[in-house]
Amino acid sequence: MSGQIIGLQDWFETPPGRYLLGWEQAQFDQVVADVFGYHALQLGLAEVDALRSNRMPRRWLATERPSVLRPSALLTDFTALPFPANSLDLVVLPHALELSPDPHATLREVERVLVPDGRVVICGLNPTSLWGMRQRRARLYQRLGFGELFLPDAGEFIGYWRMRDWLRLLDFEVESGTFGLYRPAVRSQSWLERFRWLDKAGERWWPIFGAVYFIVAVKRVRGMTLLQADWKRKPAIAAAPVAVANRSQQRQGAQKKLEREECC
């Protein structure tokens with residue numbers, strides 16, 4: 001496992017790795033800036049400061065292993081976070097789920113610690129992209145005994161629609177979903193610059209085929225619908241006053257009727 005982590009950090013130093021980190025940093029800065037609350041948490045990927053534009057008073061970085069890039073406040077298992085239920089207002093996961101050995105348990109734990117209407121921000125590599133297709137082709141070549149992976153051999157791709165299904169099962173409501181990084185899977189900076197125009201073209205013509213997707217979801221809690229009491233919902237029927245004279249006449253009529261029955 002240590003070899004995979006070293007490979008991942010080394011890949012972020014390459015031109016496509018810097019291209020990816022730059023786009024993701026800009027997306028996080030834009031999305032989390034207006035999320036309000038008191039407690040925010042970033043899970044994994046110390047290479048990105050996903051909470052730097054957020055204004056919550058308490059912000060933490062949690063990693064599963066020590067990082068030489070940024071000292072993390074917490075070293076913890078992502079499937080057992082040291083926070084009580086309903087205590088965090090924002091949780092960001094830059095590639096944390098695809099690098100987790102148990103992404104389902106990690107997402108369930110995020111749902112547990114989030115307050116109702118709290119937000120989760122997820123960033124992941126898109127398998128249905130030029131980068132994803134090159135990675136699958138490279139894995140096939142490696143089985144045949146040659147070839148080199150374009151992306152680091154760490155974790156597992158989780159598709160965009162599959163991620164949305166996971167969120168829906170946990171009663172999350174997807175607020176927004178975006179894609180980015182439409183340039184081909186090339187390694188050199190010069191070739192990446194040559195294909196810069198594809199970023200705008202991809203956003204317009206094939207948006208779902210970006211190399212990275214970005215999801216913002218809100219935790220919804222199903223509650224009871226409070227009903228008004230009957231005396232509030234139904235107008236009270238006021239009893240009409242009955243004259244005393246009418247009541248006495250009714251009693252006299254009933255008495256005469258009994259007398260006639262006795263005589264017969």
Side-chain angles (χ1 to χ4, degrees), residues 2-33 42 44-53 61 63 65 67-70 92-99 121-160 163 176-216:
S2 59
Q4 293 180 359
I5 297 299
I6 294 174
L8 181 64
Q9 293 179 350
D10 290 343
W11 185 83
F12 284 133
E13 297 298 325
T14 65
R18 292 192 296 268
Y19 170 47
L20 180 143
L21 290 179
W23 184 85
E24 291 182 354
Q25 185 67 69
Q27 293 297 312
F28 278 114
D29 290 344
Q30 179 181 358
V31 168
V32 306
Q42 175 182 341
L45 199 61
E47 288 81 1
V48 173
D49 189 358
L51 297 174
R52 72 179 185 181
S53 66
L61 168 65
T63 58
R65 295 167 187 81
S67 174
V68 297
L69 299 175
R70 286 172 55 200
V92 296
L93 297 93
H95 303 282
L97 293 178
E98 62 194 25
L99 295 174
V121 182
I122 300 172
C123 189
L125 291 169
N126 182 16
T128 57
S129 65
L130 294 177
W131 290 24
M133 288 188 290
R134 175 163 179 175
Q135 184 77 351
R136 290 195 300 271
R137 185 185 66 182
R139 290 185 186 276
L140 177 61
Y141 288 166
Q142 280 194 336
R143 294 175 185 174
L144 299 176
F146 60 95
E148 183 180 358
L149 295 178
F150 176 72
L151 298 170
D153 188 17
E156 180 184 358
F157 287 168
I158 303 173
Y160 173 77
M163 184 66 70
S176 64
T178 57
F179 293 82
L181 279 65
Y182 297 94
R183 304 180 200 182
V186 295
R187 298 185 183 277
S188 66
Q189 184 65 35
S190 60
W191 279 103
L192 282 173
E193 291 298 327
R194 290 182 184 181
F195 290 108
R196 178 187 293 271
W197 60 275
L198 283 176
D199 285 335
K200 292 185 178 180
E203 292 178 359
R204 181 176 182 181
W205 299 109
W206 53 90
I208 63 173
F209 297 113
V212 181
Y213 62 81
F214 212 83
I215 296 178
V216 181

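- With sequence neighbours excluded, the residues that form a salt bridge (Lys or Arg N to Asp or Glu O under 4.0 Å) with R139 are D153.
- Scanning for salt bridge (Lys or Arg N to Asp or Glu O under 4.0 Å) contacts around R52 gives D29, with sequence neighbours left out.
- Relative orientation of the F195 and W197 rings is tilted, given thresholds of 30° and 60° on the angle between their planes.
- Smallest separation of non-hydrogen atoms from V212 and C123: CG1-SG, 3.4 Å.
- Two residues are said to be in side-chain contact when any heavy atoms from C-beta on lie closer than 4.5 Å; P15 and R187 fail this criterion.
- To the nearest 0.5 Å, the span separating CD1 on I158 from CG on L99 amounts to 9.0 Å.
- For R196, the salt bridge (Lys or Arg N to Asp or Glu O under 4.0 Å) partners are E193, not counting sequence neighbours.
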Pair M163-L97, side chain to side chain contact (heavy atoms under 4.5 Å, CB included): steps then yes or no:
CA-CA 10 Å; M163 184 66 70; L97 293 178; 3.5 Å; yes
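- A donor-acceptor pair under 3.5 Å links the side-chain atoms of Q25 to the main chain of D49, judged by distance alone.
- A 4.5 Å side-chain heavy-atom check between L51 and L61 finds every atom pair outside the cut-off.
- Residues passing the ring-ring contact (aromatic ring centres under 6.0 Å, His included) test with F214, sequence neighbours excluded: F28.
- Rounded to the nearest 0.5 Å, atoms CD (Q27) and CD (E24) are 9.0 Å apart.
- A search for ring-ring contact (aromatic ring centres under 6.0 Å, His included) contacts involving F209 returns nothing, not counting sequence neighbours.
- Put simply, the side chain of W206 never gets that close to the backbone of A201: no donor and acceptor are under 3.5 Å apart.
- When each of I215, V121, V92 is paired with V31, the side chain to side chain contact (heavy atoms under 4.5 Å, CB included) condition holds for V121 and for no other.
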Could you walk me through whether I122 and Y160 satisfy the side chain to side chain contact (heavy atoms under 4.5 Å, CB included) test, starting with their C-alpha distance in whole Å, then the side-chain angles of each, then the deciding distance to 0.1 Å, before giving a yes or no?
CA-CA 10 Å; I122 300 172; Y160 173 77; over 6 Å; no
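- Side-chain contact check for H95 versus L20: some heavy-atom pair is nearer than 4.5 Å.
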Going through the checks in order, is the side chain to side chain contact (heavy atoms under 4.5 Å, CB included) test met by F150 and T14?
CA-CA 11 Å; F150 176 72; T14 65; over 6 Å; no
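- A distance-only check finds a donor-acceptor pair linking the side chain of Q42 to the backbone of V48 [under 3.5 Å].
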Intermediate values then yes/no, side chain to side chain contact (heavy atoms under 4.5 Å, CB included), L149 and W11
CA-CA 11 Å; L149 295 178; W11 185 83; over 6 Å; no
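- Judged by distance alone, the side chain of E98 and the main-chain N or O of F157 form no donor-acceptor pair under 3.5 Å.
- Side-chain contact check for R194 versus V186: every heavy-atom pair is 4.5 Å or farther apart.
- Between D199 and the options W23, Y19, Y182, a side chain to side chain donor-acceptor pair (under 3.5 Å) holds for only Y19.
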Check residues 127-134 and write down every donor-acceptor pair under 3.5 Å in which the side-chain atom is one partner and the other belongs to a residue at least two apart or another chain.
from, atom 1, to, atom 2, distance (Å)
T128, OG1, N126, OD1, 2.9
T128, OG1, N126, ND2, 3.4
S129, OG, N126, O, 2.7
S129, OG, G132, N, 3.1
W131, NE1, R183, O, 3.0
W131, NE1, P184, O, 3.4
R134, NH1, A185, O, 2.2

